[in-house]
*Asks:* 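Below is one structure. I have some questions about it.
Since this is a predicted model, take the numbers as computed values, not measurements.
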Amino acid sequence: MNPVGEAATAEDYLDFAERQSADSPCYRAWALAVSADTEVLALLDTLPPAKRQPLLVLAAARWHGAEAGPYAGLRSVLLDRWDDVRATVLARATQTNEVGRCATLLPVLASLPGPLALLEVGASAGLCLFPDRYGYRYTGSVEVSLDPPSGAGEVVLDCVVEGTAPVPDRLPEVVWRGGIDLHPLDVGDEDAMAWLQALVWPEHQDRRARLAAAVRLVRPDPPALVTGDLVEQLAGLAATVPEEATVVVFHSAVLAYLPPDARARFVETVTALRGHWVSNEGPAVLPVPGAGTPPVGSAVGVAPFLLALDGRPVAWTHGHGRAIHWLSR
């Protein structure tokens with residue numbers, strides 16, 4: 001028993017419930033209950049610290065039969081099937097590949113001189129490397145519909161716009177795409193894609209359907225993904241980009257999984273490259289001078305990401321890409 005470890009884990013689950021899970025009543029209720037359950041916390045405390053994260057543990061429990069509903073069902077799976085849950089937690093990672101984030105990245109990507117070469121760090125299955133092949137429906141302060149040249153397809157991303165976001169009237173031209181991940185996922189691997197589905201929050205049927213559609217779209221022509229550390233592999237992969245293309249290194253919800261020293265080395269590496277750097281991270285993970293504070297009552301939610309271009313803040317964004325709050329400049 002490790003009271004200190006349990007207290008830290010309980011605080012993590014409480015923080016997740018209060019600040020991060022507003023879009024999932026099920027996960028909010030589960031995380032609140034876990035934070036007060038000493039028997040479950042004792043089990044979680046046997047995991048390496050990096051593996052105790054709520055999204056990973058809850059997805060693993062659902063993988064082994066926990067269904068959305070009362071906490072008792074989750075608790076039963078955690079206690080009765082702990083060895084299975086633990087094995088899944090240790091073998092897998094939180095690699096949410098949320099294509100909805102392309103809707104909040106697109107205004108920045110489309111503002112850059114093309115053609116573009118997209119390089120994503122923490123790419124998972126690489127689904128966010130195809131912003132030029134999805135459809136978009138922007139509402140709010142603007143009303144814009146965009147579809148790829150081939151016409152409307154299965155993947156359509158809805159996004160609420162607040163402020164004067166430079167929503168484009170056409171999709172950018174992408175001539176090269178590649179990614180880096182410690183454990184890249186193959187869109188042709190049914191087990192890996194089922195795990196991505198398990199990472200989607202229980203109530204989010206729209207995200208689940210969109211993920212499946214994106215996999216179907218990308219599967220015939222998957223991106224080139226490099227296995228390795230994003231700091232160590234970045235410069236080498238960027239060097240392979242064609243000279244005539246504008247390099248755009250981008251990432252969303254990735255740097256939280258790096259220790260502070262690795263984050264600093266990544267920033268040093270990416271800022272030394274030619275091209276542009278687009279970051280979409282929690283403000284505590286990657287502070288950006290001049291961003292101010294998240295907007296109260298905005299559609300971006302209570303724990304938005306901060307979107308920045310070359311280290312300059314441009315917008316607050318919803319974690320799953322449902323909204324963008326453009327900053328006045």
*Asks:* Would you say the side chain of Leu146 lies within less than 4.5 Å of the side chain of Tyr134, judging by non-hydrogen atoms?
*Replies:* no
*Asks:* Is Arg219 salt-bridged to Glu190, going by a charged N under 4.0 Å from an acidic O?
*Replies:* yes
*Asks:* Does Ile324 share a hydrophobic cluster with Leu157, counting links as ILVMFWY side-chain heavy atoms below 4.5 Å and allowing steps through other members?
*Replies:* yes
*Asks:* Under the ring pair (Phe, Tyr, Trp, His ring centres under 6.0 Å) rule, collect the residues that match up with His325, sequence neighbours excluded.
*Replies:* none
*Asks:* Would one find more than 12 heavy atoms of other residues, nucleotides or ligands at under 6.0 Å from atom CD of Glu268?
*Replies:* no
*Asks:* Would you find more than 12 non-hydrogen atoms of other residues, nucleotides or ligands less than 6.0 Å from Arg274 atom CZ?
*Replies:* yes
*Asks:* As an exercise, state the distance from CG of Leu118 to SG of Cys102, rounded to the nearest 0.5 Å.
*Replies:* 9.0 Å
*Asks:* Looking at Val267, Val248, Leu309, which hits side-chain contact (heavy atoms from CB on, under 4.5 Å) with Trp277?
*Replies:* Val267
*Asks:* Given side-chain contact (heavy atoms from CB on, under 4.5 Å), test Ser141 with Trp326 step by step and report yes or no.
*Replies:* CA-CA 10 Å; Ser141 61; Trp326 203 258; over 6 Å; no
*Asks:* Apply salt bridge (Lys or Arg N to Asp or Glu O under 4.0 Å) to the pair Arg177 and Asp221, showing each step before the final yes or no.
*Replies:* CA-CA 11 Å; Arg177 57 194 104 223; Asp221 182 27; 5.9 Å; no
*Asks:* So, Thr246 side chain and Pro113 main chain: donor-acceptor pair closer than 3.5 Å or not?
*Replies:* yes
*Asks:* Side chain of Asp181, backbone of Ala123: donor and acceptor closer than 3.5 Å?
*Replies:* yes
*Asks:* How are the rings of Tyr27 and Phe16 set to each other: parallel, tilted or perpendicular (split at 30° and 60°)?
*Replies:* tilted
*Asks:* Kindly work out whether a path of hydrophobic side-chain contacts (I/L/V/M/F/W/Y, heavy atoms less than 4.5 Å apart) joins Leu182 to Leu234.
*Replies:* no
*Asks:* Answer with yes or no whether the hydrophobic clustering places Leu55 together with Leu47; edges join I, L, V, M, F, W, Y residues whose side-chain heavy atoms lie under 4.5 Å apart.
*Replies:* yes
*Asks:* Checking the side chain of Ser24 only, and the main-chain atoms of Ser21 only, is there a donor and an acceptor separated by less than 3.5 Å?
*Replies:* no
*Asks:* Do the side chain of Ser76 and the main chain of Ala72 share a donor and acceptor less than 3.5 angstrom apart?
*Replies:* no
*Asks:* Report whether Leu119 and Val99 are members of the same hydrophobic cluster (ILVMFWY, side-chain heavy atoms less than 4.5 Å apart, transitive linking).
*Replies:* no
*Asks:* By the rule that ILVMFWY residues connect when side-chain heavy atoms come within less than 4.5 angstrom, directly or transitively, which residues belong alongside Val160?
*Replies:* none
*Asks:* Identify whether NZ of Lys or CZ of Arg in Arg28 sits under 6.0 Å from the centre of the six-membered ring of Trp201 and within 45° of that ring's axis.
*Replies:* no
*Asks:* To the nearest 0.5 Å, what is the distance between CZ on Arg52 and CG on Leu44?
*Replies:* 8.0 Å
*Asks:* Could you give the distance from CG (Leu306) to OG (Ser279), rounded to the nearest 0.5 Å?
*Replies:* 7.0 Å
*Asks:* Judged by atom type as modelled, is there a donor-acceptor pair below 3.5 Å linking the side chain of Thr317 to the main-chain atoms of Leu307?
*Replies:* no
*Asks:* Looking at Val285 and Ala256, what are the two nearest heavy atoms and their distance?
*Replies:* CG1-N, 3.4 Å
*Asks:* Are Asp206 and Arg322 ion-paired here, with the side-chain N under 4.0 Å from a carboxylate O?
*Replies:* yes
*Asks:* What distance separates Arg170 CZ from Asp132 CG, expressed to the nearest 0.5 Å?
*Replies:* 14.0 Å
*Asks:* Looking at side-chain heavy atoms only, is the closest gap between Leu171 and Leu109 below 4.5 Å?
*Replies:* no
*Asks:* Phe266 and His251: aromatic ring centres closer than 6.0 Å?
*Replies:* yes
*Asks:* Less than 4.5 Å apart, side chain to side chain, heavy atoms only: is that true for Leu211 and Leu127?
*Replies:* yes
*Asks:* When Lys51 is tested against each of Val57, Leu56, Thr46 for side-chain contact (heavy atoms from CB on, under 4.5 Å), which residue passes?
*Replies:* Leu56
*Asks:* CZ of Arg265 to CG of Asp229: how many Å apart, nearest 0.5 Å?
*Replies:* 6.5 Å
*Asks:* Could you list the residues that satisfy salt bridge (Lys or Arg N to Asp or Glu O under 4.0 Å) with Glu39, not counting sequence neighbours?
*Replies:* Arg75
*Asks:* Do Arg81 and Asp84 meet the salt-bridge criterion of a basic N to acidic O distance under 4.0 Å?
*Replies:* yes
*Asks:* Given Asp189, which of Val187, Leu185, Asp186 fulfils the side-chain contact (heavy atoms from CB on, under 4.5 Å) condition?
*Replies:* Asp186
*Asks:* Just checking, any donor-acceptor pair under 3.5 angstrom between side chains of His318 and Thr104?
*Replies:* no
*Asks:* Please tell me if the side chains of Val218 and Pro223 come closer than 4.5 Å, counting only heavy atoms from C-beta onward.
*Replies:* yes
*Asks:* Could you give me the CA-CA distance, side-chain angles and deciding distance for Gln53 and Thr94, then say whether side-chain contact (heavy atoms from CB on, under 4.5 Å) is met?
*Replies:* CA-CA 9 Å; Gln53 55 184 279; Thr94 306; 2.7 Å; yes
*Asks:* Can you check whether Pro166 reaches Ser111 side chain to side chain, under 4.5 Å on heavy atoms?
*Replies:* no
*Asks:* Does Val231 belong to the same Ile/Leu/Val/Met/Phe/Trp/Tyr cluster as Val241, with side-chain heavy atoms less than 4.5 Å apart forming each link?
*Replies:* yes
*Asks:* Verify, without hydrogens or angle tests, whether Asn97 (side chain) and Ala125 (backbone) share a donor-acceptor contact under 3.5 angstrom.
*Replies:* yes
*Asks:* Charged N to carboxylate O under 4.0 angstrom, Glu98 versus Arg210?
*Replies:* yes
*Asks:* Can you tell if the side chain of Leu116 reaches within under 4.5 Å of the side chain of Val175, non-hydrogen atoms only?
*Replies:* no
*Asks:* Is a side-chain N or O of Ser298 found less than 3.5 angstrom from the main chain of Val300, in a donor-acceptor match?
*Replies:* yes
*Asks:* Any salt bridge between Arg137 and Asp147, counting N to O under 4.0 Å?
*Replies:* yes
*Asks:* Can you find a heavy atom in the side chain of Arg216 that is under 4.5 Å from one in the side chain of Glu154?
*Replies:* yes
*Asks:* Out of curiosity, Thr96 OG1 to Trp195 CH2, how far, rounded to the nearest 0.5 Å?
*Replies:* 9.0 Å
*Asks:* Should the ring pair Tyr138 and Tyr136 be called parallel, tilted or perpendicular, given that the plane angle runs from 0 to 90° and is split at 30 and 60?
*Replies:* parallel
*Asks:* When you measure from the side chain of Glu173 to the backbone N and O of Pro115, does any donor-acceptor pair fall under 3.5 Å?
*Replies:* no
*Asks:* With a 4.5 Å heavy-atom cut-off, do Val85 and Leu78 have their side chains touching?
*Replies:* yes
*Asks:* Would you mind checking if Arg92 and Asp191 are paired as a salt bridge, meaning a charged N to carboxylate O distance below 4.0 Å?
*Replies:* yes
*Asks:* More than 12 foreign heavy atoms under 6.0 Å from CD of Glu203: is that the case here?
*Replies:* yes
*Asks:* For Ala194, does its backbone N or O pair with a side-chain atom of Trp63 as donor and acceptor, under 3.5 Å?
*Replies:* no
*Asks:* Does Gln95 offer a backbone N or O that forms a donor-acceptor pair with the side chain of Ser124 under 3.5 Å?
*Replies:* yes
